[in-house]
There are 2 protein chains.
Amino acid sequence: MTLKDNPKVFGCRLSRVIAAAAGLVLCAQALGQTDPLPSWNDGSAKQAIVNFVKMTTDMSSPRFVPQEERIATFDQDGTLWVEHPIYTQVLYCLDRVPVVVKEKPELANVEPFKTVLSGDREAIAKLTVEDLLKIVAATITGMSVEDYTTEIKKWLGTAKDSRWKRPYTELTYLPMIELLKYLRTNGYRTFIVTGGGQDFVRVYAEEVYGIPPEQVVGTSFGISYGYDKNGRPFLTREPKLLLNDDNAGKPEGIHLMIGRRPYIAFGNSTGDRQMLEYTKAGENERLAMLVLHDDAKREYAYGPAQGLQDTKVGTFTQALYDEAKQKDWIVISMQKDWKRIFAFEQ
Amino acid sequence: MTLKDNPKVFGCRLSRVIAAAAGLVLCAQALGQTDPLPSWNDGSAKQAIVNFVKMTTDMSSPRFVPQEERIATFDQDGTLWVEHPIYTQVLYCLDRVPVVVKEKPELANVEPFKTVLSGDREAIAKLTVEDLLKIVAATITGMSVEDYTTEIKKWLGTAKDSRWKRPYTELTYLPMIELLKYLRTNGYRTFIVTGGGQDFVRVYAEEVYGIPPEQVVGTSFGISYGYDKNGRPFLTREPKLLLNDDNAGKPEGIHLMIGRRPYIAFGNSTGDRQMLEYTKAGENERLAMLVLHDDAKREYAYGPAQGLQDTKVGTFTQALYDEAKQKDWIVISMQKDWKRIFAFEQ
């Protein structure tokens with residue numbers, strides 16, 4: 001939008017004269033309506049985004065990027081929504097354990113299901129990756145694609161986060177939702193590239209982020225085609241990992257599912273490192289950004305980069321921070337760069 | 001477009017009066033300009049397409065499909081371009097054998113490379129699937145993603161089909177190109193779902209079909225992320241089959257890459273059977289169509305359906321034909337339904 005096109009901005013210019021005399025700041029308020037990123041504080045992060053978008057969409061710019069090549073990829077957990085104290089999808093899997101055990105009672109005395117059923121939070125927190133993979137295999141594979149989607153929808157409609165007492169789909173970051181829209185308005189196609197389950201995220205990505213299923217790249221299991229007793233075909237989720245879409249799996253997944261190198265990539269942890277490296281290694285200028293969770297009051301604070309608390313969920317190491325500084329990836333401080341974090345905040 | 005919006009059509013109505021008197025058919029000519037499928041003969045196939053699109057895009061229709069769900073999938077070989085006498089990608093692989101042998105001279109006396117190098121067409125035609133897979137592994141894996149793309153572009157720029165003496169990218173079917181555009185104009189997202197190599201088709205799909213890389217689903221090999229000696233990341237094509245996107249692999253690939261059941265699916269051989277079954281098994285009305293190659297004069301004629309010649313390339317069995325008739329899939333007769341097959345025809 002140019003100034004010419006917008007009567008509100010014209011109105012603003014007139015009001016500036018009045019405001020100057022009256023000591024009011026009507027203009028700033030009016031201008032705020034045209035800011036596509038109102039939940040971002042003015043600062044280097046916001047400026048970098050706006051500059052990059054202007055530079056790559058202005059046909060007279062030497063950095064102009066044709067629309068078909070405008071690809072932006074986003075990690076999900078910790079980048080688009082809250083990932084602490086534990087990934088939402090893991091909570092879903094844990095919540096599903098009693099249902100699975102009801103169907104297969106023999107699992108009740110088998111680890112790790114026994115521990116999950118005990119409800120002992122400390123013991124559950126100590127489960128190993130192998131334990132979690134067993135739980136994943138039992139709770140999100142072996143059913144039809146449709147049944148899986150139905151179960152997730154049902155769960156998302158009732159489950160609530162323990163801190164905010166709100167559905168998980170409300171724990172998305174407003175500045176990032178604004179950013180996704182801003183990029184799409186400027187001809188970028190926005191993709192989620194998540195270590196989380198592709199089919200899990202697809203269930204809500206369109207409604208919550210405006211991102212359709214085919215633009216969700218994530219960890220994927222094998223799918224097998226078969227027929228029910230009436231000859232109706234259906235797809236079954238197999239307990240066979242097809243793509244582990246984390247770390248090196250992210251650029252690999254991007255190539256498999258998108259087939260084009262992103263111009264913009266956003267992440268927040270070591271699992272996003274290779275995606276950002278791959279993005280920046282492309283020809284011409286590219287934009288790579290990392291969200292640093294440094295706001296314990298409004299959300300969470302963890303690193304261990306910059307002396308923040310160490311964590312297993314969404315680790316942002318000092319090495320990643322140093323690589324970012326060295327390679328001109330921009331670190332977003334949640335505390336300083338985000339005016340507002342959630343849409344439900346006043 | 002409605003009649004009201006188009007002055008040409010209004011002009012036509014006036015000219016009809018004149019034409020009726022003068023014995024001219026100016027009107028048909030003028031109307032032809034507004035037909036989105038001018039290379040299709042009027043008949044049940046064309047009518048089925050137009051009716052389906054109207055029904056699913058008219059908000060007042062009980063069969064209206066919201067734009068985000070409008071997915072159309074197309075097989076490539078034999079559906080969008082010529083596949084006889086042999087798949088284009090196989091020709092590419094065979095042409096690459098001398099280059100590979102130059103790099104690895106020890107292969108010169110090893111089968112199946114020895115046979116390919118002999119140039120003995122009869123012996124080459126007798127190569128088994130296992131032989132071809134060895135050739136595929138040697139010629140299209142083990143290199144970087146960028147090098148593979150560069151080689152294909154180079155080959156497509158010079159290689160020519162033996163019958164028409166034209167680049168392979170000119171051997172696309174004009175009626176299908178019109179159809180792809182017509183569907184996109186009506187809010188459908190068009191995807192290729194091919195048994196051919198995903199990365200092979202991606203090289204030209206955008207220019208030739210207007211289909212971007214992320215909308216090409218095809219047979220895929222593993223990809224691995226690594227760094228060159230300067231620390232620059234790159235992706236290598238691995239000789240590990242990830243998705244065999246043919247037969248049952250087509251609906252499986254559609255779920256993996258698109259995550260939504262198509263409303264429209266086009267194919268031409270037994271390899272497309274499951275894609276069409278899966279499409280038609282969805283709720284509401286869906287459109288499934290098969291191209292029958294029954295035009296030896298203008299293209300090729302093969303089946304063995306309907307007494308046409310049997311073939312190993314793009315087999316259309318009588319069983320598939322019978323399933324189509326039984327399940328209300330529409331068979332397109334290349335001879336009767338297509339007015340013009342190639343753009344280069346007069």
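First the proteins, then the strands, lettered A, B, ... as listed; each starts at 1.
Counting heavy-atom pairs under 4.5 Å between each of A/I223, A/V217, A/N247, A/V216 and chain B puts A/I223 at the top. Put simply, of B/K280, B/M257, B/E68, the one with the most heavy-atom pairs under 4.5 Å next to chain A is B/M257. Considering only heavy-atom pairs separated by less than 4.5 Å from chain B, the leading option among A/P212, A/G226, A/S224, A/G253 is A/S224. Ranked by heavy-atom pairs under 4.5 Å with chain B, the first of A/G222, A/G249, A/G259 is A/G259.
With a 4.5 angstrom heavy-atom cutoff, B/E277 touches chain A via backbone and side-chain atoms both. Using a 4.5 Å cut-off between heavy atoms, B/E206 contacts chain A through its side chain alone, with no backbone atom that close. With a threshold of 4.5 angstrom between heavy atoms, B/Y227 approaches chain A through side-chain atoms but not through N, CA, C or O. Looking at B/L235, the atoms closer than 4.5 Å to chain A (heavy atoms on both sides) all sit in the side chain, from C-beta outward. In this structure, no portion of B/F221 lies under 4.5 Å from any heavy atom of chain A. Interface residue B/E146: only side-chain heavy atoms are found under 4.5 Å from chain A.
The closest side-chain donor-acceptor pair between A/T219 and A/D245, if any, does not fall under 3.5 angstrom.
One finds no salt bridge joining A/D58 and A/R63 here, because no Lys/Arg side-chain nitrogen approaches an Asp/Glu carboxylate oxygen to under 4.0 Å. Remark: B/R260 does not engage B/E69 in a salt bridge, criterion side-chain N to carboxylate O under 4.0 Å. Ion pairing between a basic and an acidic side chain is recognised when a charged N comes within 4.0 Å of a carboxylate O; A/D199 and A/R202 show such pairing. A salt bridge is defined here as a Lys NZ or Arg NE, NH1 or NH2 lying under 4.0 Å from an Asp or Glu carboxylate O, and B/E151 with B/K154 meets this definition.
Side-chain N or O atoms of B/E238 include none that pairs as donor or acceptor with a backbone N or O of B/T141 at under 3.5 Å.
Note that B/R261 lies in the cation-pi zone of B/Y278, set by a 6.0 Å cut-off to the ring centre and a 45° limit from the axis.
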